[in-house]
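Remarks on the structure that follows.
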Amino acid sequence: QKEVEQDPGPLSVPEGAIVSLNCTYSNSAFQYFMWYRQYSRKGPELLMYTYSSGNKEDGRFTAQVDKSSKYISLFIRDSQPSDSATYLCAPRRGSARQLTFGSGTQLTVLP
Amino acid sequence: DAGVTQSPTHLIKTRGQHVTLRCSPISGHKSVSWYQQVLGQGPQFIFQYYEKEERGRGNFPDRFSARQFPNYSSELNVNALLLGDSALYLCASSLWGYNEQFFGPGTRLTVL
């Protein structure tokens, strides 16, 4: 079993839709939960991160972590065509230096 | 400010050859990490270096090696290339290893 499982997609939504991207994980030692966005032919860029359980909002993006069910979500409100990219969840143990990535969900927002 | 730079952008090699990939971190960053991203998958951790010392190693064979230079740039070396080594190799830099990692655009390696 992989440490991090991510809904593979691909996901295609109309502009303005609310998007939900999800991951589950098995390692209860994960404390930091990152979301990266990767445009085609580019390296991943950090979108936002949360520490432990709870919600964090940044503009149109909300990250949610439920440690009891080991479930990670990223919500995008009022999605835009510029949001079209692959989204990667990447939890990390507090003592670890490396990120453990999910396989990514490819999102296309249609104008 | 310049971001993380990697060279070359693309590389084509044949099985059994050796390859060297290069990375320059963001100015002031002392830690460099290497990841392998196979098509359709998320990046997988290979190595992390901080202050020129190896601080972490992922589950990759000994054919993979790396080093960090006094100017904090880094090289990833892969010997005896296999078809399965075809991937995007990403370099990420951070201030000191535990904080935010900034990724470069990657080197796309194709092994024929």
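These numbers were taken from a predicted model, which means no experiment stands behind them.
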Tyr49(A) portion near chain B, given a 4.5 angstrom heavy-atom threshold: neither

Does any backbone or side-chain atom of Gln106(A) lie under 4.5 Å from a heavy atom of chain B? Answer side chain, backbone, both or neither. neither

Shortest non-hydrogen pair, Leu99(A) vs Phe45(B), comes out as O-CB, 4.3 Å

Any side-chain heavy-atom pair of Phe103(B) and Lys42(A) under 4.5 Å: no

Starting at CD of Gln98(A), measure out to CZ of Arg57(B) and round the result to the nearest 0.5 Å. 12.5 Å

When hydrophobic residues are tied together by side-chain contacts of less than 4.5 Å, even through go-betweens, does Phe60(B) share a cluster with Tyr49(B)? yes

So what's closer than 4.5 Å to chain A heavy atoms on Phe47(B): side chain, backbone, both or neither? neither

Identify whether Leu74(A) and Val13(A) are in the same connected component of the hydrophobic contact network (ILVMFWY, side-chain heavy atoms under 4.5 Å). yes

Look at the side-chain heavy atoms of Ile, Leu, Val, Met, Phe, Trp and Tyr, link any pair under 4.5 Å apart, and say whether Trp35(A) and Leu107(A) land in one connected group. yes

Please say whether more than 12 non-hydrogen atoms of neighbouring residues, nucleotides or ligands are located less than 6.0 Å from CG in Asp62(B). no

In terms of heavy-atom pairs under 4.5 Å, which option from Cys89(A), Ser103(A), Gly104(A), Ala90(A) contacts chain B the most? Ser103(A)

Check: residues 104-112 of chain B side-chain donor-acceptor pairs under 3.5 Å, at least two apart:
| from | atom 1 | to | atom 2 | distance (Å) |
| --- | --- | --- | --- | --- |
| Thr107(B) | OG1 | Pro8(B) | O | 2.5 |

Testing the basics here: between Leu90(B) and Gly43(A), what is the closest heavy-atom pair and its distance to 0.1 Å? CD2-CA, 3.9 Å

Does CZ in Arg15(B) sit with more than 12 non-hydrogen atoms of other residues, nucleotides or ligands closer than 6.0 Å? no

Do Gln101(B) and Met34(A) have side chains that get closer than 4.5 Å, going by heavy atoms? no

Close approach to chain B in residues 16-32 of chain A, criterion heavy atom under 4.5 Å: none

If I measure from the heavy atoms of chain A, does Gln6(B) come under 4.5 Å with its side chain, its backbone, both, or neither? neither

Correct closest heavy-atom pair for Leu88(A) and Gly42(B) would be CD2-CA, 3.9 Å

